[in-house]
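Read through the structure below, which is laid out as structure tokens, and then see the notes.
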Amino acid sequence: SQQGEEDPQALSIQEGENATMNCSYKTSINNLQWYRQNSGRGLVHLILIRSNEREKHSGRLRVTLDTSKKSSSLLITASRAADTASYFCATSRGAQKLVFGQGTRLTINP
Amino acid sequence: DTAVSQTPKYLVTQMGNDKSIKCEQNLGHDTMYWYKQDSKKFLKIMFSYNNKELIINETVPNRFSPKSPDKAHLNLHINSLELGDSAVYFCASSQETGGNSPLHFGNGTRLTVT
């Protein structure tokens with residue numbers, strides 16, 4: 001299956017700490033995307049990393065991709081209460097659809 | 001300005017009824033989608049349209065029928081609603097097909113079938 005699987009399913013940390021979420025997938029991919037979903041809202045795109053890239057940054061976010069291990073990680077540095085949300089990875093292969101994992105629920109405690 | 005807007009936000013109805021959800025995007029994207037998110041947060045694609053043409057039709061019951069009157073609109077009509085249809089339905093759009101560009105999501109329609 002192309003579907004990504006996030007790990008852990010839930011993560012609770014103190015404000016100011018770093019949060020790391022992982023995503024594993026089973027088939028080769030074109031790109032991998034990370035999304036955030038706040039409670040009661042739609043998903044918001046964070047970062048897209050292509051299969052020939054190894055790392056991308058956006059503000060406090062850092063995404064790595066290891067195609068040999070078929071895995072990706074999302075690091076949020078210096079977490080804030082507003083980072084509390086569910087985070088999803090999604091993969092695409094060829095001209096096929098974007099397939100989402102079940103997400104990691106991140107809670108930042110003040 | 002809301003980029004992807006869908007209505008209604010909440011929909012409560014009884015089994016057997018027919019209902020519609022509307023979606024509009026003002027991003028100028030050619031591709032639009034319907035996703036279903038279940039109670040465990042699992043997000044599954046249902047349909048995708050590119051410039052008004054259906055390009056993805058997952059294993060969805062025939063009771064679900066999408067309609068795209070133009071490339072800025074993608075509506076979802078559901079006949080003979082069942083309890084299992086209760087979920088949050090998200091509309092999304094993207095510049096390219098095939099997951100090669102970011103998706104922009106609406107805020108969802110929470111459908112409750114009683």
Side-chain angles (χ1 to χ4, degrees), chain A residues 1-11 21 23 25 27-53 56 58 61 63 72 84-107, chain B residues 2-10 21 23-25 27 29-50 53-60 87-112:
Chain A
S1 162
Q2 182 184 331
Q3 181 180 342
E5 292 183 11
E6 289 91 343
D7 170 59
Q9 289 191 347
L11 179 63
M21 288 158 274
C23 171
Y25 56 91
T27 63
S28 61
I29 59 172
N30 278 4
N31 67 65
L32 186 145
Q33 303 184 33
W34 283 94
Y35 289 79
R36 182 188 73 234
Q37 183 180 31
N38 291 92
S39 180
R41 309 281 290 184
L43 280 73
V44 174
H45 178 260
L46 297 175
I47 288 182
L48 182 154
I49 186 165
R50 302 200 185 277
S51 59
N52 61 354
E53 297 176 310
K56 281 188 95 165
S58 177
L61 306 181
V63 166
S72 173
T84 294
S86 292
Y87 291 81
F88 294 84
C89 70
T91 56
S92 72
R93 181 170 63 145
Q96 296 179 19
K97 56 190 180 284
L98 195 62
V99 177
F100 287 82
Q102 271 190 269
T104 292
R105 181 163 179 78
L106 175 65
T107 302
Chain B
T2 304
V4 181
S5 59
Q6 52 183 111
T7 56
K9 186 170 174 62
Y10 299 98
I21 307 172
C23 178
E24 175 182 3
Q25 55 97 2
L27 296 166
H29 290 162
D30 283 345
T31 308
M32 295 185 72
Y33 312 81
W34 279 110
Y35 277 84
K36 178 181 179 180
Q37 187 173 45
D38 63 23
S39 58
K40 295 183 179 179
K41 298 286 191 182
F42 181 49
L43 199 67
K44 186 172 166 54
I45 191 168
M46 301 173 68
F47 302 103
S48 175
Y49 272 72
N50 181 253
E53 287 197 28
L54 182 66
I55 56 172
I56 293 176
N57 184 352
E58 289 294 287
T59 311
V60 177
V88 182
Y89 292 84
F90 286 98
C91 176
S93 71
S94 65
Q95 195 167 15
E96 300 177 30
T97 59
N100 293 314
S101 63
L103 268 60
H104 297 255
F105 283 82
N107 280 326
T109 295
R110 181 174 293 277
L111 172 64
T112 303

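Per chain, numbering begins at 1; letters A, B, ... match sequence-line order. Values in this document were obtained by computation on a predicted structure and should not be read as measured data.
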In terms of heavy-atom pairs under 4.5 Å with chain A, the winner among B:E58, B:K9, B:E96 is B:E58

Rounded to the nearest 0.5 Å, how far does OG1 of B:T97 lie from CG of A:L98? 11.5 Å

More than 12 non-hydrogen atoms from neighbouring residues, nucleotides or ligands closer than 6.0 Å to CD on A:E5, yes or no? no

Please report the C-alpha distance between A:Q37 and B:F90 in whole Å, then the side-chain angles of each, then the deciding distance to 0.1 Å, and finally whether the side-chain contact (heavy atoms from CB on, under 4.5 Å) criterion is met. CA-CA 12 Å; A:Q37 183 180 31; B:F90 286 98; 3.3 Å; yes

Partner residues of A:T104 under the side chain to side chain donor-acceptor pair (under 3.5 Å) criterion, sequence neighbours left out: none

Which atoms of B:L43 are under 4.5 Å from chain A, going by heavy atoms: the side chain, the backbone, both sets, or neither? both

If I measure from the heavy atoms of chain A, does B:S101 come under 4.5 Å with its side chain, its backbone, both, or neither? backbone

Against chain A, residues from residues 30-37 of chain B with at least one heavy atom under 4.5 Å, in numeric order, are B:Y35, B:Q37

Are the side chain of B:N107 and the backbone of A:R41 linked by a donor-acceptor contact shorter than 3.5 Å? no

Using the rule side-chain contact (heavy atoms from CB on, under 4.5 Å), only one of A:L48, A:I47, A:V44, A:L46 pairs with B:P102; which is it? A:L48

Those residues at least two apart in sequence (or on a different chain) that pass side-chain contact (heavy atoms from CB on, under 4.5 Å) with A:T84 are A:I108

Report yes or no: does A:Q33 contribute a side-chain atom to a donor-acceptor pair with the main-chain N or O of B:N100 at less than 3.5 Å? no

So do the side chains of A:Y35 and B:L103 get within less than 4.5 Å of each other, counting heavy atoms only? yes

Which atoms of A:R50 approach chain B - backbone, side chain, both or neither, heavy atom under 4.5 Å: side chain

Partner residues of B:D38 under the side-chain contact (heavy atoms from CB on, under 4.5 Å) criterion, sequence neighbours left out: B:K40, B:F42

Nearest heavy-atom approach of B:G99 to A:S92 is O-OG, 3.3 Å

